Amino acid sequence: GDSVTQMEGPVTLSEEAFLTINCTYTATGYPSLFWYVQYPGEGLQLLLKATKADDKGSNKGFEATYRKETTSFHLEKGSVQVSDSAVYFCALINQAGTALIFGKGTTLSVSS
Amino acid sequence: GAGVSQSPRYKVAKRGQDVALRCDPISGHVSLFWYQQALGQGPEFLTYFQNEAQLDKSGLPSDRFFAERPEGSVSTLKIQRTQQEDSAVYLCASSFLGSGSEGEKLFFGSGTQLSVL
């Protein structure tokens, strides 16, 4: 079945460092791909999405490109801030279009 | 309120008890989803409603789990005869459009943390 694999955390970075969180997927066809973020004490929020191959999703300085050749959707940010500390989830939409399938999440901790 | 509201925020149950978890979606949102998030894991899909119709319940782990949305707004997730493995955060999400398909933005609640002792 469809699945998402994320790099294990936690990821610990200093402010202004470059961030990459790897995400690969297994799916039938080319589902839409998403990154969700969960800040401490808050609900999951959509960070960015891409709906077809080679699309680049971007928001708040974060980017991810839908790569069908490598079945990947890695999250990147050029300069992280302390406020980016959160748990990040990669996800895809299931074949039926009725549910998101999430990875296990990657905890990011940014220190000043 | 403006967001998805879930209650209670925390629930402690003794093994074998029945529990009911409530979700108030954003007003006017057609789609409603329930997810289960175990500690250290990503959310796992349980069930999906479009208005009052339960269109997908393939993720419900057993017949002890039951969800309803009788008037197409508030939803209740009921777990009968709770077991320790039911301990998790239960998340509710809603969206405006009539499906969970691509391009749609889901709004998640903060969840109900269920602990079964």
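Computed from a predicted model, the values in this text were never measured in an experiment. So you know, we letter chains A, B, ... as the sequences are listed, proteins then strands, and number each from 1.
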Hydrophobic cluster membership, with links at side-chain heavy-atom distances under 4.5 Å among I/L/V/M/F/W/Y: are B:L114 and B:F108 in one? no
Indicate if A:W35 and A:M7 have the same hydrophobic cluster label, given that clusters are the connected sets of ILVMFWY residues with side-chain heavy-atom separations under 4.5 angstrom. yes
Mind checking the OH-CG spacing from B:Y48 to A:N94? Nearest 0.5 Å is all I need. 10.5 Å
As a quick check of understanding, evaluate side-chain contact (heavy atoms from CB on, under 4.5 Å) for B:L91 and A:L44, giving each step before the final call. CA-CA 9 Å; B:L91 299 172; A:L44 280 163; 3.9 Å; yes
Tell me whether the count of non-hydrogen atoms from other residues, nucleotides or ligands lying under 6.0 Å of [atom1] in [X] goes above 12.
X     : atom1 : value
B:L39 : CG    : no
A:E16 : CD    : no
B:E85 : CD    : yes
A:E8  : CD    : no
B:R15 : CZ    : no

Name the option with the most non-hydrogen atom pairs under 4.5 Å to chain A; the candidates are B:Q37, B:Q6, B:E44. B:Q37
Any donor-acceptor pair under 3.5 Å from B:Y35 side chain to A:A99 backbone: no
Taking the side chain as every heavy atom from C-beta outward, state whether B:P43 and A:F89 have any atom pair closer than 4.5 Å. yes
Where do B:L106 and A:L46 land on the side-chain contact (heavy atoms from CB on, under 4.5 Å) test, with the steps shown first? CA-CA 7 Å; B:L106 290 188; A:L46 177 65; over 6 Å; no
Heavy-atom cut-off 4.5 Å, strictly under: side chain, backbone, both or neither for A:Q45 against chain B? neither
Tightest non-hydrogen contact, residues A:G43 and B:S110, listed as N-OG, 4.0 Å
Using the benzene-type ring in the case of Trp, are the ring centres of A:F102 and B:F45 under 6.0 Å apart? no
